[in-house]
Amino acid sequence: MTIAGAGKRPGANLFLPLGWEGVSLDELAQGSFPAGAANLIRERKPFFDWVVPYSDDSQTEQMVLLNGEPVFDGGLDFRGYVGTGRAVNGNSDTATRNAQAHELLVGAMESISEGFALYDADDRLVIFNSNYNFFKDRDLRVMRKGSRFEEIVRAAADHGYYPAAKEQKAPWIDERIRYHNDPKGLFEVQLCDGRWLQIVERKTSSGGTVTVNTDITAKKHHDEAQRQAQKLQALGQLTSGVAHDFSNVLLALECNFEQLKLAVRTGKSPWTHLNACGAAVEIAQGLTQRLLAFARRQPLQPSVVDVNEILRELHSILRSTFDETIAIEIVPAASSCPVLVDPTQLQSALLNLSLNARDAMPDGGILRIDCRSGFLGQDWASRHLDMKPGSYVTISVADNGHGMTREVAERAVEPFFTTKEPGKGSGLGLSMCYGFIKQSGGDIEIESELGRRTVIRIVLPKVETGTDERPGRPRGDPGS
């Protein structure tokens, strides 16, 4: 059966159920169509597997299975629906019950705010609700019953629906398909209209896949507002810490200047007080350098270096610094891991993290530093501000020391935040490391369990082999 032209009487060669002649789909949807049909037709969306009762020429009630696609002309004006209908054979009571069950299922799916879809064992789309179909292009009809999941993902990427797939489309698509075939945890993706979807997929006993998409855009906005609030809080703590430390420096300078005046008047040697003034100036310079590192404004001299070489050099430094109660394990990657970074600053950052790990193991333990490279996808990038999917090098610094609470770990990179005793830490070491890594285009992850372990991961963009990478203006400089 072909349903032709809303409101147009069909030709003699077309079959149409009794009572449908000259009636538009909008009018039919108000009557015997499934729940929610009127809304779908009003919004000019496709519909699938609608079971609708009708009477044949002998006035016997039958059932027909309808599918419809909206048709638009070149100016995107709605022209009507084109579709197919198939008579449902079998016992009328059974067909009625099946139709009622199907209508109940469709109504339930349309009533939820999440997008829902079911794929069969061949990965073909079996059924889905309107919230699952996020395509807006009216000529893009890949989201239909029978389409393979890979077809849908590739079409969406080709049409620019996934901003994260624009730069590295093939790896992004491969990652998305891998998650679909072997779903683990959650997958977050941003659409081209700015919305964020959280995707949960589960395998069925028959080998199919159930997909549920939840719009988490509001949560993303809330999280961003919370991050901004945390930044303001950190800025306040930074201001307080800077004022305190510079006040101490100024006080030392003031006292020594007074002593210098007294020494000049009495003819005593001024060198003791001059040296003290110089030491105070060096403290101020060191503080300024740390603040520049945190603010991502320190002058860098980036070059392409292999992280494996940095780790090999670091091993000899650590071995001469640590005592024998701490075992040191350095595990380079199996292949080269080139990154564009200031090698001196990277080594300094790793040394700083290693010393923190040593302090967390006063009774001895194991310090392990390893390196690996690989593609990090949208799920990872969505959890890290300003980061994009791509190839990265990850350096992990792990210890089995006393660890941190979640609250302490969340504040660990804040300037002047420290849990050490007064005089044993300025609270700028990790914040300086964080600022340098962010300035180099990377990020830091902190994972810790109180009383068990801490793992700090430095993630840096990998330089693709064969590219002509040259040192440029440090990332984060004004105008960059």
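These numbers come from the heavy atoms of this one structure, side chains and all, not from hydrogens, waters or symmetry mates. Computed from a predicted structure; not experimentally measured.
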For the side chain of [X] and the backbone of [Y], is there at least one donor-acceptor N/O pair under 3.5 Å apart?
X    : Y    : value
N129 : F116 : yes
D122 : R124 : no
D120 : V126 : no
D123 : R148 : no
D306 : C337 : yes
N308 : S335 : yes
T217 : W196 : yes

Where G390 and Q168 come nearest, the two heavy atoms and their spacing: CA-OE1, 2.9 Å
Minimum heavy-atom distance between C192 and G160, given as atom pair plus value: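 Heavy atoms of C192 and G160 come nearest at CB-O, 3.3 Å.
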N-O pairing of R144 and E151 below 4.0 Å: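 Here R144 does not pair with E151 in a salt bridge, since their nearest N and O are not under 4.0 Å apart.
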Check against side-chain hydrogen bond (donor to acceptor under 3.5 Å, both in side chains), E175 and W380: CA-CA 11 Å; E175 182 197 20; W380 173 85; over 6 Å; no
Say you draw a straight line from [atom1] of [X] to [atom2] of [Y]; how long is it, rounded to the nearest 0.5 Å?
X    : Y    : atom1 : atom2 : answer
N400 : M361 : CG    : CE    : 6.0 Å
D399 : S448 : CG    : OG    : 7.5 Å
S354 : I456 : OG    : CD1   : 9.5 Å
R195 : I216 : CZ    : CD1   : 12.0 Å
Q190 : E188 : CD    : CD    : 10.5 Å
R202 : T209 : CZ    : OG1   : 11.5 Å

Residue pairs, two or more places apart or on separate chains, that pass salt bridge (charged side-chain N to carboxylate O under 4.0 Å, His left out) and touch residues 344-356: none
Side chain to side chain contact (heavy atoms under 4.5 Å, CB included) partners of L450, counting only residues at least two apart: T405
Residues forming a side chain to side chain contact (heavy atoms under 4.5 Å, CB included) with H402, sequence neighbours excluded: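 Here the qualifying residues are A360.
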Parallel, tilted or perpendicular, as decided by the 30° and 60° cut-offs, for the rings of Y119 and H180: perpendicular
